[in-house]
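This is a predicted model, so every value here is computed, not measured.
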Amino acid sequence: MVAQTAISSREAEVLSLVGEHLSNAEIGARLFISVRTVETHVSSLLRKLGASDRRGLAQLAAEWSRAGRGGVATLGLPAPVSSFVGRERERAALTDAVRQHRQVSAVGAGGVGKTRLALAVAEAAAGDFADGVWFVDLVPVTDPAMVGAAVASAVGIGEQPGRGMDDSVVAALADRHALLVLDNCEHVRDGVAPLLERLLAGCPLLKVLTTSRARLMVPFERVHPVVSLSLGSDGNSDAVALFLDRAAAVGWPLAAEQHGQVAEICRELDGVALAIELAAARLPALGLDGLADVLSDQLRLLTGGARVDDRHRSVRAMLDWSHALLETADRMLLRRIAVFVAPFTVDAARQVAGFGPLDAAAVVDGLARLTEQSLLTAIPSPGGTRYRTLETIRQYGVEQLAAAGELDDIRYRHLGWCVTIAATLAEDTGQDTGVWRTGFDAAADDIRAALGWATDRPQHRSEAYDLALALAQLTFTRNLVGEAQQRYEQAASLAAEAISARSALRYAAAAAGCRMHGDDMFRLLRAAAAIAGGAGDTAGAARDLATAAATCYRFAGTFSRPPAPGEAARLLAEARELAGDDTAARAAVALAECGVLSDADGPGTGGPDTAEPTAIALAERAVELATRTDDPLILSAALDALTAVQCWAGETAAARTARRRVEVLAPVPMTPAGAHEWVSALSEAAETCVGVGDLAGARRWGGQLCDLPLLAERGDFATSRLLVADALTGNFDDVLANSGRFRDAWQRTGSRHAPDLATAAAAVAMVHGLRGDAAARRQWLAIVDKLDTEAAQKAGYRAVFDAVVQLHHGQADQALASLQVEPAEIDEQVIWMWRDWYLALRAEAAALTADPDAHGRIAAARTIVSGNPVAGALLDRAESLLEGNRDGLLAAAASFDAAGCRYQAARTLVLAGG
């Protein structure tokens, strides 16, 4: 039976992007909608399309895409592989428990039916949760540290720079009214328990339903025992109903007069769901009478006679029996494929299990036979059928591997398969497609499991190193930056050579930089220096020490605990002694000197003017040495230092230097180090372009920053520079669209204090002011005040944006008052970017208020804003207004239009009487 379900055009767009394995934030950025709106659509799709989790939804998306789409999509869904049978009272009781308690643990033996019951309860309770129900399968997770990542993947959460994955999950769910189902927790309890405590403490509207073989022992836990299916002598029990349902599914319906015999079989099996399903799968071969006779003998034989109150006994007995009935080749296949922790393909099974005496060509037929016996489950997927082993059966298979003496050999073959898959995926990382992400997501858990096994075996250290390095690259490209850092550090610990270990640590440091974790950057760079020094590479040690020292000022805002006073200077001194004549090391030392030597009386301290030439000279020397290295990353860092000091000195050359930096990075790939520099360079280029009136450049660089995959989960920072550029340009619809992404991301980070984002919020407030929406303007100004709490820091941009709104509404006197403080009295770092705008708008306000010094203000401003096309046009307009020169106003409008400043061009035409 196929259900036809209509979904809206917007839901169709979301479904398509879920199929590309994008996170909610990435989908929101692509569609210009908030993350919460994406979550609402995903919840609706899960409900409408009957998918149990996000992975299932992605598979349905692929099927729908292949079937073709219309304006309103229709998706054909196959009926579930098997139905949920019975347990009406248990389902009602567990549903009631979920409604009444924050966290409920459904606890029971393996095979008793906990997962099916939890899914049924989640479906029944879905309407109670405004933000949906999320199902997380923890079976493939072998490392407790990866539980948070599994939750994030299921919910559609990415890692936010500046936070670990667990922190990102807590922040994203902080105000969500949702139900989270964590299935099969027992083997990763050490990861589940601490995450649960944090979720329940930080997410007051969230409820959690877990399934486990044992209590999790966490606060708030309400234990709900899951026992066997009900038994009865009248043939009407839940156990009998399940047997009959599964018998019909294999083409063996049973008559009413046979139900009593079925009831006896179910009693023999203690009503355990998995045991009943395994028995029913044997009906076509044995018939009901044969099955009853064999089971009676086998259960006595396999369990040693006397019954005990151990429901798992029946599962074990049935597994032993089912295993014994298999052909030799199928028994071998079943135990060999037990090394896969996630659903696997036929090809994967061939490579890992298809070797003597098992013929690789026989694997396909063997998988089909194991599926017929309910020992495997076939799952349709975009890349073809995948096979999933129930965890209880998988564990049994591993036991059989060990008993056969094959465990290490099969683990090693599995490791080899994972190394090959990881290498293939790494070659394809340049293809930013849903196909690549699907491939990685399908293989990631097996790669992690193989790496965990190989890491503890010295004889496989080389393969473990290769796999850790490949996984680091893959997770970084997949935007799992925290895991990428972890894997690079793991690779360093496994490296056989010092040069490889040092390289891995440098990558780890760059990944930490992408996460905005300055403390880790500092630690890892010092560790890399120690390894280089120990290997006799003094130049390499010098470079790492100097880079660590430079980190203290280049990325000071990313440190949670700044290094001790004098620590950077000490590292610089040591680096200087070790550098010798090595060009790269000398360039790194020169870069560190830009911050360390000028910090006492240079940028950021309001030092004496005499320090300005010294700081510029240091930065220019760093650029000169960096140029000799032919390394774009070294040169980019040096140009960053020069841009910073030029901004501090108030030089318009800062914009040229920033643009050069972006051009230098053009051929650099998105490795951790490259991505870290790209974020800084694009942000800096967009800001400096605004300062000199290059709005086209500001929009270009701001747009590229907005689209960086690394910033998908930090929509506030990603959109911040583009919001300013679009607001000043007059692209108000784009501002309003991106402002939703900005605010949503900022709120998900805890509405934190972040002065570097305040300018963007003020720009949005300006747009609402120009549109006459006073309430929205007040809301955004309140956000500005939360982002930037110091009035002195807001003096430049806030005055400019306020003046634009006031002049628009004919409040020239108020605009003049907003701009009354002389720029020279404002901190240079605060005013540099806005000086030209500030002076030009003040001149216009003076002209409109007939200020006696209006001509003088215009003339004085012209000497400063020379070269800024927008500020120059503002002064032309001011002068034309002062003189009543309509032709001058029309000429100013043309200048604004040429500069890409649409709003000011339109306003000028209005002022000219148009």
Side-chain angles (χ1 to χ4, degrees), residues 430 432 510 513-514 543 547 550 554-555 583-584 586-588 590-591 594-595 603 615-711 717-726 728-729 756 832-833 836 867-870 898-900:
D432 185 22
C514 293
R543 180 178 173 183
T547 304
R554 282 194 75 201
F555 308 108
T583 303
R586 291 177 61 210
L591 175 63
C594 292
I616 291 178
L618 286 170
E620 288 177 339
R621 179 170 175 269
V623 170
E624 189 271 329
L625 286 170
T627 304
R628 295 186 202 173
T629 67
D630 291 326
D631 187 327
L633 293 176
I634 295 176
L635 181 54
S636 170
L639 291 170
D640 178 32
L642 181 58
T643 302
V645 75
Q646 287 172 333
C647 289
W648 168 59
E651 294 188 3
T652 56
R656 291 195 298 275
T657 305
R659 284 195 292 266
R660 179 187 171 193
R661 184 184 176 198
V662 173
E663 292 165 0
V664 163
L665 288 173
V668 174
M670 282 297 172
T671 62
H676 195 208
E677 285 295 320
W678 266 112
V679 170
S680 172
L682 291 172
S683 173
E684 196 171 63
E687 286 184 327
T688 55
C689 281
V690 167
V692 298
D694 179 9
L695 296 182
R699 293 194 69 248
R700 178 184 178 188
W701 308 131
Q704 288 189 27
L705 183 73
C706 188
D707 293 337
L708 281 182
L710 181 64
L711 298 178
F717 184 83
T719 60
S720 58
R721 276 51 177 177
L722 184 59
L723 283 169
V724 173
D726 274 336
L728 294 172
T729 299
D756 62 325
W832 177 86
M833 178 176 166
D836 291 3
N868 184 322
V870 179

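Two residues are said to be in side-chain contact when any heavy atoms from C-beta on lie closer than 4.5 Å; Arg659 and Trp701 meet this criterion. Asp836 has its side chain out of reach of Val692: every pair of non-hydrogen atoms, C-beta onward, lies at least 4.5 Å apart. The shortest side-chain heavy-atom distance between Thr729 and Arg699 falls under the 4.5 Å cut-off. When side chains are defined from C-beta on, Cys647 counts as touching Thr688, because their heavy atoms get closer than 4.5 Å. Residues Gln646 and Arg656 form no side-chain contact, since every pair of their non-hydrogen atoms from C-beta on lies 4.5 Å or further apart. The side-chain heavy atoms of Thr671 and His676, taken from C-beta on, include no pair separated by under 4.5 Å. For the pair Leu635 and Thr629, the minimum side-chain heavy-atom distance is 4.5 Å or more. Put simply, the side chain of Leu705 reaches to within 4.5 Å of the side chain of Phe717, judged on heavy atoms.
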Candidate pair Arg700 and Asp707, rule salt bridge (Lys or Arg N to Asp or Glu O under 4.0 Å), full reasoning: CA-CA 11 Å; Arg700 178 184 178 188; Asp707 293 337; over 6 Å; no
From CA spacing to verdict: side chain to side chain contact (heavy atoms under 4.5 Å, CB included), Leu665, Leu633: CA-CA 7 Å; Leu665 288 173; Leu633 293 176; 4.0 Å; yes
Ser680 vs Asp640, side chain to side chain contact (heavy atoms under 4.5 Å, CB included): CA-CA, chis, key distance, verdict: CA-CA 8 Å; Ser680 172; Asp640 178 32; 4.1 Å; yes
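Separating the SG atom in Cys514 from the CG atom in Leu710 is a distance of 5.0 Å, to the nearest 0.5 Å. Taken from OG1 in Thr657 to CD in Glu620, the straight-line distance is 8.5 Å, to the nearest 0.5 Å. Between the SG atom in Cys689 and the CG atom in Leu695 there is a gap of 9.0 Å [rounded to 0.5 Å]. In this structure, the separation between CE on Met670 and CD on Glu677 is 11.0 Å, given to the nearest 0.5 Å. Atom CG of residue Leu711 and atom OG1 of residue Thr719 lie 10.0 Å apart, to the nearest 0.5 angstrom.
When all heavy atoms of Val662 and Ala685 are compared, the pair lying nearest together is CG2-CB, 3.7 Å. Ile616 and Leu642 make their closest contact through O-CD1, 4.4 Å (heavy atoms, listed as atom of the first residue, atom of the second, distance). A pairwise comparison of heavy atoms in Ala658 and Thr643 identifies N-OG1, 3.6 Å as the closest pair. Closest heavy-atom contact between Ala641 and Leu591: CB-CD1, 3.8 Å. Annotation for Trp832 and Ala654: closest pair CZ2-CB, 4.0 Å, computed over non-hydrogen atoms. Nearest heavy-atom pair, Cys594 versus Ala622, reported as atom, atom and distance to 0.1 Å: SG-CB, 3.9 Å.
There is a side-chain donor-acceptor pair under 3.5 Å between Ser636 and Arg661.
Salt bridge Glu684/Arg721: absent, no basic N to carboxylate O contact under 4.0 Å.
Looking at Thr547, its side chain does come within 3.5 Å of a backbone N or O of Arg543 through a donor-acceptor pair.
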